[in-house]
Every structure is written in C-alpha cells, then in structure tokens.
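Numbering of residues begins at 1 and proceeds along the displayed sequence.
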Amino acid sequence: MPLTIKSKSAVHHFTVEVAETAEQQERGLMFRKSIAGDRGMIFPYDPPQDVAFWMKNTLIPLDILYIRADGTIARITKAQAMDLTPLPAGEPIAAVLEIRSGRSAELGIKEGDVASWTH
C-alpha cells in the first residue's frame, strides 16, 4: 500500500505492508534480514491506543514512527535489533510505521510531519 510523509522539505513515498490482524501485528518484521529504504510496515489501531513496541526476533534495527489519528507523527524512536525494551508511544496513536533505521534522519522526517495512507 502507498504511504506518504509530508515533511518541511519534501513529500516522501513508501510502499508499506499492513499488519492488520493480531497475528500479523505480533510478527511484524521479525526474522527479516533487510528492508529497502522505500519500504516499511504499518500497524493501524482503531480506535487509537497507547501502545509499546519491542524488537523480539527482529534482526534489523528500525525507526518506529508513532502516528496520531490526524496523521501527524507524535514520536520517532530508534529501535535496536533484538532489543526487548518496550518503546512506548506515550499517547493514543492511530498507527505505527516501521522503516529502515536511520531513514527518518536521512529524509529529514521529524515529529509533527504528516503521514497519509488509505485506511
């Protein structure tokens, strides 16, 4: 599914897999050895929830973007491969986007930027 993030400098395009079911959300990007710079996975929540992510069995580091119901990015955190430390959203969010580690910084994506996708 296409997803865009509008930052101050540009519109960034990604193709994301959707983790809709509980099973898909539990597995996420576990066991993958790489992820392309324009790829990711989105975890939608309806209604919005205050969630926490961790990296059990996730072999690659990721940027985790917590997205509010209005599409604004509430928080961006860096997750280390295989780290079991919970990374909380800190507020109710409508989606979580996982992308390759460092990609947010490379593209200048920051908290407050706006993500949009068909949901």
State the [atom1]-[atom2] distance between [X] and [Y], to the nearest 0.5 angstrom.
X	Y	atom1	atom2	value
Ile76	Glu111	CD1	CD	5.5 Å
Arg100	Asp38	CZ	CG	9.0 Å
Lys33	Ile35	NZ	CD1	15.5 Å
Lys110	Ser9	NZ	OG	9.0 Å
Lys6	Ile73	NZ	CD1	12.5 Å
Ile99	Ile109	CD1	CD1	5.0 Å

Residue pair [X] / [Y]: nearest heavy atoms and the distance that separates them:
X	Y	value
Ile67	Ile93	O-CB, 3.3 Å
Phe43	Gln25	CE2-O, 3.5 Å
Leu29	Glu98	CD1-OE1, 3.4 Å

| said: Which residues pass the side-chain contact (heavy atoms from CB on, under 4.5 Å) test with Pro48, not counting sequence neighbours? | reply: Ala69, Pro92, Ala94
| field | Residues that Ala105 engages under side-chain contact (heavy atoms from CB on, under 4.5 Å), provided they are two or more places apart | value | none
| query | Who pairs with Glu20 by salt bridge (Lys or Arg N to Asp or Glu O under 4.0 Å), at least two apart in sequence or on another chain? | reply | none
| said: Taking transitive links into account, so neighbours of neighbours count too, which hydrophobic residues share a cluster with Met30 at under 4.5 Å side-chain distance? | reply: Phe31
| Who else is in the cluster with Val11 when I, L, V, M, F, W and Y are joined by side-chain contacts under 4.5 Å? | none
Enumerate donor-acceptor pairs with a distance under 3.5 Å from any side-chain N or O in residues 51-64 to protein atoms, sequence neighbours excluded.
{"from": "Thr58", "atom 1": "OG1", "to": "Lys56", "atom 2": "O", "distance (Å)": "3.3"}
{"from": "Asp63", "atom 1": "OD1", "to": "Lys78", "atom 2": "NZ", "distance (Å)": "3.2"}
{"from": "Asp63", "atom 1": "OD1", "to": "Gly102", "atom 2": "N", "distance (Å)": "3.0"}
{"from": "Asp63", "atom 1": "OD2", "to": "Gly102", "atom 2": "N", "distance (Å)": "3.3"}
{"from": "Asp63", "atom 1": "OD2", "to": "Arg103", "atom 2": "N", "distance (Å)": "3.3"}
{"from": "Asp63", "atom 1": "OD2", "to": "Ser104", "atom 2": "N", "distance (Å)": "2.9"}
{"from": "Asp63", "atom 1": "OD2", "to": "Ser104", "atom 2": "OG", "distance (Å)": "3.0"}

Pairing residues for [X] by the side-chain hydrogen bond (donor to acceptor under 3.5 Å, both in side chains) criterion, not counting sequence neighbours:
X	answer
Thr85	Asp83
Arg32	Glu17
Gln24	Thr21
Asp70	Thr72

Can you check whether [X] reaches [Y] side chain to side chain, under 4.5 Å on heavy atoms?
X	Y	answer
Ile42	Trp117	yes
Val96	Leu65	no
Leu107	Ile5	no

| Applying the 4.5 Å side-chain criterion to the ILVMFWY set and letting contacts propagate, would Val18 and Phe14 be lumped into a single cluster? | yes
| request: Sort and list the pairs that fulfil side-chain hydrogen bond (donor to acceptor under 3.5 Å, both in side chains) and have at least one residue in residues 42-53, not counting sequence neighbours. | output: none
| query | Between His12 and Thr4, is any side-chain donor less than 3.5 angstrom from a side-chain acceptor? | reply | no
| field | Glu91 with Arg68: basic N within carboxylate O range, under 4.0 Å | value | yes
